[in-house]
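If you're wondering where the values come from, they're calculated on a predicted model, not measured in any experiment. Each chain gets a letter, A, B and so on, in the order its sequence line appears, and its residues count up from 1.
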There are 2 protein chains.
Amino acid sequence: MHQNQTLIKSMEVLRLFEQYESLTLTEIVEMLGQPKTTVYRMVSSLQSMGWISRRKDSRYELGLLFVHYGQLVLERLNIRDLVLPVMRQLSHQLGETVNLIVREGLEGVYIEKVEAVHPVRIYHQRPGDRVPLYAGACPRVLLSFLPDEEVAEYLRHVKLRPFASGTITKIQDLQMTIIESRRVGYTISHAELVDDTSAVAAPIFNHLGEVVAGLSIAGLTSHFSDERLPNLTMSVRQAAKECSCLLGYPERESQLERLNG
Amino acid sequence: MHQNQTLIKSMEVLRLFEQYESLTLTEIVEMLGQPKTTVYRMVSSLQSMGWISRRKDSRYELGLLFVHYGQLVLERLNIRDLVLPVMRQLSHQLGETVNLIVREGLEGVYIEKVEAVHPVRIYHQRPGDRVPLYAGACPRVLLSFLPDEEVAEYLRHVKLRPFASGTITKIQDLQMTIIESRRVGYTISHAELVDDTSAVAAPIFNHLGEVVAGLSIAGLTSHFSDERLPNLTMSVRQAAKECSCLLGYPERESQLERLNG
DNA sequence: CCAATCGTTCCGAAATACGGAACACAAATT
DNA sequence: AATTTGTGTTCCGTATTTCGGAACGATTGG
């Protein structure tokens, strides 16, 4: 795969700013292990285009141009606009945080979050954050409703890495969960990404019947008691179904609905 | 200024996506007027890093990575978090849209917007949008309270381009407005950026007494009647002052306050 | 089935980025 | 005031990298 090494090296510079809020040229030089002149060229090029900018204290930081591009991307996800009102309603109704994620490649990307008002927020998945498709209810629901071949392909190659005490680490377990999810039309997770947190998620389909997003209710595991679960799963499924309808997914009872009355 | 041409050319590719939601390789080739192989290298490099991604219909679009970076930038603007509650309160109180902008170089960049609930929104400045510092109340308030030398420098070099019927196009007029703004502590604009819209803006200072942001109330010109204006200006100034205090700006009456009782 | 269009690979030529060294500029130290 | 230490910036010959025409696949449509 012949690629532009200059370009790739330059973008490495930007990558550094994921961890560091601001950097000086010398710091970048040290971190990349590249000669100063080389880094200088890359940095000033990026700066001249607005991708990075200089503060008054002469340190470099990410430019506001990224706000613009981030905004563009979000606006173009038309799913988001349709689903947001439903998310707000759902969050208000249950008093829990509601997440929306879409798939990019082998990962799920958080797009929108509507926070529960009252409780102190303990953990925070932020817009743009990525997670593997196997961990957490919301990502896994995206995986579960992919076409059979894609799921099989995924299961064949994925390496299961634990994030928290409940992360699924055996392919067999993952496969079983997927089959079960498909049968019942939703997924539940306990402490798969973060300890002491749970989620229940349902898939959103487009007019072609393809999964385009996952909708989840997430919160402290203590909020997901057995008595409350039926209500929660019912609510996400209902909300996700609404969203699917908004996207043109056939309203009529699908095979999935019939199975679960 | 020796710079990385490869890098710059590659970023031109991204720039195209500001206008077009999705593009095919051939389309990019035509628009850039570069050989296909060159474009191909750039595009696949960008794609491999996640800056652009391919949809199922095999067209290219901006990657979700931009959401992450946009989010990072917004989070790092600590001004935003402090000011947002004040903006919400202000918008609620007056029933108008409230904007927050910061400066980057010779431009103002919209950071946050709290929309009025009731009225149909006619025009839309979105997060990340840029405007010159001379046009519109909110940008100009940023300009007006810069240090004397910087203002002078700006006035010396700026080219005044009209955006709407009320845009200031004479340096003298701009200078007079700036002087007046400094005296009264706020700025008013009518149809400077968009016809039939007005705004009134006040500056937000940090602990060092530097302007770090502009806060504005914006809406249809018909909402900015002479009877209502005093209330509006009073409200933005009060809100902006609150924000300045949150940023550590000395609470005590400044010279500016004394002048205006 | 052939034509057309789009994306992808190859490879020699040449333009481009490289990077060591030396320079400027500022702030902190003596 | 002089010096040191730390920045960022320019110079320029070298050679690595990108360039880009051409030819190849892969997919779609007539």
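- Taking the charged nitrogens against the carboxylate oxygens, A/Glu180 and A/Arg183 do have a contact shorter than 4.0 Å, which makes a salt bridge.
- Rounded to a whole Å, the CD1 atom of A/Ile8 is 13 Å from the C1' atom of D/dT18.
- With respect to the salt-bridge test (charged N to carboxylate O, under 4.0 angstrom), the residues A/Asp148 and A/Arg182 qualify.
- We find that CE of A/Met42 is positioned 15 Å from C1' of D/dT17, with the value rounded to whole Å.
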Quick one, B/Glu153 with B/Arg156, criterion salt bridge (charged side-chain N to carboxylate O under 4.0 Å, His left out). Give me CA distance, side-chain angles, the key distance, then yes/no.
CA-CA 5 Å; B/Glu153 175 71 9; B/Arg156 216 172 293 129; 2.8 Å; yes
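- Between B/Arg59 and B/Ser22 the shortest heavy-atom distance is NE-OG, 2.8 Å.
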Please list, for nucleotides 14-17 of chain C, all pairs of protein and nucleotide N/O atoms separated by less than 3.5 Å.
{"from": "C/dA17", "atom 1": "OP1", "to": "B/Gln5", "atom 2": "N", "distance (Å)": "2.5"}
{"from": "C/dA17", "atom 1": "OP1", "to": "B/Thr6", "atom 2": "N", "distance (Å)": "2.8"}
{"from": "C/dA17", "atom 1": "OP1", "to": "B/Thr6", "atom 2": "OG1", "distance (Å)": "3.2"}
{"from": "C/dA17", "atom 1": "O5'", "to": "B/Asn4", "atom 2": "OD1", "distance (Å)": "3.4"}

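- Separating the CD atom of A/Gln34 from the C1' atom of D/dT16 is a distance of 13 Å, rounded to the nearest angstrom.
- For the residue pair A/Glu192 and A/Tyr134, no side-chain donor N or O sits within less than 3.5 Å of a side-chain acceptor on the partner.
- Ring geometry, A/Phe145 versus A/Phe205: the interplanar angle exceeds 60°, so the pair is classed perpendicular (tilted spans 30 to 60°).
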Detail all sub-3.5 Å separations between protein N/O atoms and N/O atoms belonging to nucleotides 3-9 of chain D.
{"from": "D/dT7", "atom 1": "O3'", "to": "A/Thr24", "atom 2": "OG1", "distance (Å)": "3.4"}
{"from": "D/dG8", "atom 1": "OP1", "to": "A/Thr24", "atom 2": "OG1", "distance (Å)": "2.6"}
{"from": "D/dG8", "atom 1": "OP1", "to": "A/Leu25", "atom 2": "N", "distance (Å)": "2.9"}
{"from": "D/dG8", "atom 1": "OP2", "to": "A/Thr24", "atom 2": "OG1", "distance (Å)": "3.3"}
{"from": "D/dG8", "atom 1": "OP2", "to": "A/Thr26", "atom 2": "N", "distance (Å)": "3.0"}
{"from": "D/dG8", "atom 1": "OP2", "to": "A/Thr26", "atom 2": "OG1", "distance (Å)": "2.7"}
{"from": "D/dG8", "atom 1": "N7", "to": "A/Lys36", "atom 2": "NZ", "distance (Å)": "3.4"}
{"from": "D/dG8", "atom 1": "O6", "to": "A/Lys36", "atom 2": "NZ", "distance (Å)": "3.1"}
{"from": "D/dT9", "atom 1": "OP1", "to": "A/Arg54", "atom 2": "NH1", "distance (Å)": "3.4"}
{"from": "D/dT9", "atom 1": "O5'", "to": "A/Tyr40", "atom 2": "OH", "distance (Å)": "3.1"}

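- Residues B/Glu61 and B/Phe17 approach most closely at CA-CE2, 3.6 Å, considering heavy atoms.
- A cation-pi arrangement, defined by a distance under 6.0 Å to the six-membered ring centre and an angle within 45 degrees of its axis, is absent between B/Arg237 and B/Tyr186.
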